[in-house]
Amino acid sequence: MYSDKIIEILNKDERAKNLLGAFERAAKNQGLTGEEYNQAKNTIMMMAISGNDEAMNIMAKQVYEELTA
């Protein structure tokens, strides 16, 4: 769902790395698995993307391209 470019950008963003790390720890502590984990991770990923202008612009471009294809 998320392009390699978006993941690469988020991996360089300290705020995003901290958010995703906190999520992983909380998910493990709460025992999230399967679809529950996937839905929560998707929400956190969208939060991380929306907090990074470069990642958000790439995501918007990808969505636009998919909608106009």
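Bear in mind that the values here come from a model prediction, so they are computed numbers and not experimental data.
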Counting only pairs under 3.5 Å, give me each side-chain donor-acceptor contact of residues 57-69, with atom names and distances, residues two or more places apart or in other chains.
from  : atom 1 : to    : atom 2 : distance (Å)
Asn57 : ND2    : Asp53 : O      : 3.3
Gln62 : NE2    : Ser3  : OG     : 2.9
Thr68 : OG1    : Tyr64 : O      : 2.9

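- The heavy-atom pair separating Ala48 from Leu19 by the smallest distance is N-CD2, 3.8 Å.
- Here the CE-OH distance, from Met46 to Tyr2, works out to 5.5 Å after rounding to the nearest 0.5 Å.
- No salt bridge links Lys28 with Glu24; every basic N to acidic carboxylate O contact stays at or beyond 4.0 Å.
- Summarising the geometry of Ala55 relative to Leu10, their closest heavy-atom pair is CB-CD2, 4.2 Å, with the distance given to 0.1 Å.
- Going from atom NZ of Lys12 over to atom CG of Asn52 covers 11.0 Å, rounded to the nearest 0.5 Å.
- More than 12 heavy atoms of other residues, nucleotides or ligands sit less than 6.0 Å from atom CG of Asn29.
- Residues passing the side-chain contact (heavy atoms from CB on, under 4.5 Å) test with Lys17, sequence neighbours excluded: Glu14.
- A distance of 13.0 Å separates CD of Gln39 from CD1 of Ile44, quoted to the nearest 0.5 Å.
- With a 6.0 Å radius and a threshold of 12 heavy atoms from other residues, nucleotides or ligands, Gln30 has its CD atom at or below the threshold.
- Here the CE atom belonging to Met56 is positioned 9.5 Å from the CD1 atom belonging to Ile6, to the nearest 0.5 angstrom.
- With contacts defined as side-chain heavy-atom distances shorter than 4.5 Å, the pair Met45/Leu20 qualifies.
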